[in-house]
Visitor: 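After the structure tokens below, expect a handful of questions from me.
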Amino acid sequence: MSDEKYYEMLWNCESCGAMGLLAKSQKHCPQCGSAQNPEKRFFPEEGQEVEVQGHQFVGADWHCPYCQSPNGAAASFCGACGGAKDGSKEVKAVTDPAAKTPEPPAPPAAPVASGGFPWFKIILVLLVLVAGFFIVRFLWKSDEPLKVVALNWSREVDIERFAAVEESKWCNELPAGANVVHRAMEEKGKKKVPDGETCKDIRIDKRDGTFTKKRECTPKYKETPEMAYKCRYRVNSWKVVRTDKAQSTQGAEPAWPAPRLYAAGGNIIGNERLASRREVLSVQLQPAKGEVLTCALKPEVWSRLKVGDVVTAKVRASGGADCDELKKR
Ligand SMILES: [Zn+2]
Ligand SMILES: [Zn+2]
């Protein structure tokens, strides 16, 4: 036998108005003798439950087909009229209203515009017109002949120096050789930690005038700051100290700048080295009418062009060419 606890469901007598009768122990009204209506059984208020000591659950009650009295599942004949159990129906279950989550009140219905001036349609038409304007102006492209008026290039080289720099990082992420000068606790972020659980009792109608409780719990969490040590440290490392730049002078071939390094070599304080380099190649194009356009080009496209060449490219109504679709004629 399980150690499950059983509690009395309640019912009200519909004939004489007696309230809060016990559904398990009182199958008939003690005042007027009317049979209990098991469809109208209900759960007691929280804290008012009456436990049925030593209750042995055998099954749902059955309706006497002759006098409608509810009878325990174990009985073969109606306790009120002696009618046989044959052909009887089991009583229906009642759901605990407390177990349902209350629905939020429905928001007030938006007033439905009807028969009024069709503002909405006018706004929609305006939106379509504005969208159309932008599509034509910024997306519409036409193939246009463009004359190459200048070919420009610029090249840059970064120069790094090995030197002591002061930086700050989480203390467990320090680079090799870091010399910590200061450490302090700081909030690194938030983390969720278990914080007990929320529980509620679900009450289940056993359909024999009793109910049981099932405890349902879900874990709860709370956010707490996650603290960690932040370190300020000095470390010797390579850092960009300056950038040398070379630019096109009309017609000159692209060339990388040749920076002078004060002391070249390995990881020794004061030494310098060349670091990343960048190149920008561009062309200036003169359309039949309008302003000169500038296109950044890939080296293989750029190198095939000469000043005076005519190319075609898709040009937007708003100005600006589609540089990826530039073609030499
Ligand atoms: Zn009664
Ligand atoms: Zn009966």
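What you see is a predicted model, and the numbers here were worked out from it, not measured in a lab. One-based numbering, in listed order, for ligands and for the atoms of each.
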Visitor: Between SG of Cys78 and SG of Cys67, what angle is found at the Zn ion (ligand 2), rounded to 10 degrees?
Guide: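 Value returned, to the nearest 10°, is 100°.
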
Visitor: At the Zn ion (ligand 1), what angle lies between atom SG of Cys29 and atom SG of Cys32, rounded to 10 degrees?
Guide: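 It is 110°, given to the nearest 10°.
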
Visitor: Can we say Arg242 and Glu272 salt-bridge, meaning some charged N sits less than 4.0 Å from an Asp/Glu carboxylate O?
Guide: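 Glu272 and Arg242: salt-bridged.
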
Visitor: With the Zn ion (ligand 2) at the apex, how many degrees lie between SG of Cys64 and SG of Cys81, rounded to 10 degrees?
Guide: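 Centred on the Zn ion (ligand 2), the SG/SG angle is 100° (to 10°).
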
Visitor: Between Phe43 and Phe211, does the ring centre distance come in under 6.0 Å?
Guide: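 Yes, the ring of Phe43 comes within the 6.0 Å limit of the ring of Phe211, centre to centre.
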
Visitor: With a 4.5 Å limit on heavy-atom distance, are the side chains of Lys230 and Trp170 in contact?
Guide: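 Yes, close enough: below the 4.5 Å cut-off.
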
Visitor: Using only heavy-atom distances, determine whether the side chains of Arg41 and Gln36 contain a donor-acceptor pair under 3.5 Å.
Guide: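 There is such a pair between these side chains.
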
